[in-house]
Amino acid sequence: GEDVEQSLFLSVREGDSSVINCTYTDSSSTYLYWYKQEPGAGLQLLTYIFSNMDMKQDQRLTVLLNKKDKHLSLRIADTQTGDSAIYFCAERVDYKLSFGAGTTVTVRA
Amino acid sequence: DSGVTQTPKHLITATGQRVTLRCSPRSGDLSVYWYQQSLDQGLQFLIQYYNGEERAKGNILERFSAQQFPDLHSELNLSSLELGDSALYFCASSVDRGSVDTGELFFGEGSRLTVL
C-alpha cells in the first residue's frame, strides 16, 4: 500500500540551502511530486519527477530520486523568506496521489 | 488562482448535523479528488471521481458520500457530524488523460469545517 513519510519541521537560515527528505513504500509509483502550501491556501505543485529519472533541476529546486531506497528529496538553493511554507511529498500509484504529512519549513533571517 | 473553486470557505455547525461542500473543477478537467486535512492526520485522500464515475476510494467514512454531476462539479456530503470531523476539506482536479498526463493536481483553497 501507499505510505509516504517525511520529517515534520525544518528551520533554515535565509540564503542557505534547504533539504527536505521523503520516503515512500510503493515501488509501482509512476510520478513523485513536491507540493507547497502557504498559509490559508491550497496546495500548489512545485515540481515532479518521473519514476525512471534520478534527478531533476528547475531553477532553485533540485529533486533527487533513489528508487532502490524509495527516497525522494527536494533541495531549495538560496532559501528566501518566501519559501516558508509546508512542503508535501506525494506519490502517484494508478489514479491515486498519496501525500506525506508535510514538512513545515521556517526561514529565519 | 488554481481555477478550482470551493464553497463555502468556512462552515461552523453542530454535532449530528449534515453539510454539503461544493467544488467546481478547472475548465476541462475530468477528475475531481477530495482530501481531508487535519492537524493529527495530515492530508488524507477521501475519494476520486472521473467524468461522473467513482474511480478510487480512500479513507472515506461511511457517513461521508460524494458525487460528480454531468457538468463535472462535485459535492461532498458529510452527515452525523462529529467533533473529529473538524478539518480543512480540499477539492482538487486534474486532466487525467492517461500516459500524456503527469497527474498534476490543482487544488482549491479548501472549505474549513468546524464542528462544535
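Here the structure is a predicted model, which is why all the values come from computation and not from measurement. Within every chain, numbering begins at 1; the chains are lettered A, B, ... in the order of the sequence lines, protein sequences first and strands thereafter.
Rounding to the nearest 0.5 Å gives a distance of 11.0 Å between CD of A:Gln37 and CD of B:Glu109.
Cluster annotation: A:Leu45 is connected to A:Ile86 through the hydrophobic network of ILVMFWY side chains, with a link wherever side-chain heavy atoms come within less than 4.5 Å. At a threshold of 4.5 Å between side-chain heavy atoms, the hydrophobic network of Ile, Leu, Val, Met, Phe, Trp and Tyr places A:Val63 and A:Leu10 in one connected group. Follow the hydrophobic side-chain contacts under 4.5 Å out from A:Val19 and you never reach A:Ile76; the two are in separate clusters. Follow the hydrophobic side-chain contacts under 4.5 Å out from A:Leu61 and you reach A:Val107 in the same cluster.
Within the 4.5 angstrom heavy-atom criterion, no atom of A:Gln44 approaches chain B. Contact annotation for B:Gln37: only side-chain heavy atoms (C-beta onward) come within less than 4.5 Å of a heavy atom of chain A. Contacts between A:Phe50 and chain B at a heavy-atom distance below 4.5 Å are absent for every atom of the residue. Of the atoms belonging to B:Phe106, not a single heavy atom falls under 4.5 Å from chain A.
Considering B:Tyr35, B:Phe45, B:Tyr33 in turn, B:Tyr35 is the only one that fulfils the ring pair (Phe, Tyr, Trp, His ring centres under 6.0 Å) rule with A:Phe99.
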Legend entry - Candidate pair A:Tyr33 and B:Leu105, rule side-chain contact (heavy atoms from CB on, under 4.5 Å), full reasoning: CA-CA 10 Å; A:Tyr33 309 84; B:Leu105 297 189; over 6 Å; no
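Apart from A:Leu8 itself, the hydrophobic cluster it occupies contains A:Phe9, where clustering links Ile, Leu, Val, Met, Phe, Trp and Tyr at side-chain heavy-atom distances under 4.5 Å.
Every pair tested for side chain to side chain donor-acceptor pair (under 3.5 Å) that includes a residue from residues 45-59 of chain A fails, sequence neighbours excluded, so the list is empty.
A pairwise comparison of heavy atoms in A:Leu43 and B:Phe107 identifies O-CB, 3.3 Å as the closest pair.
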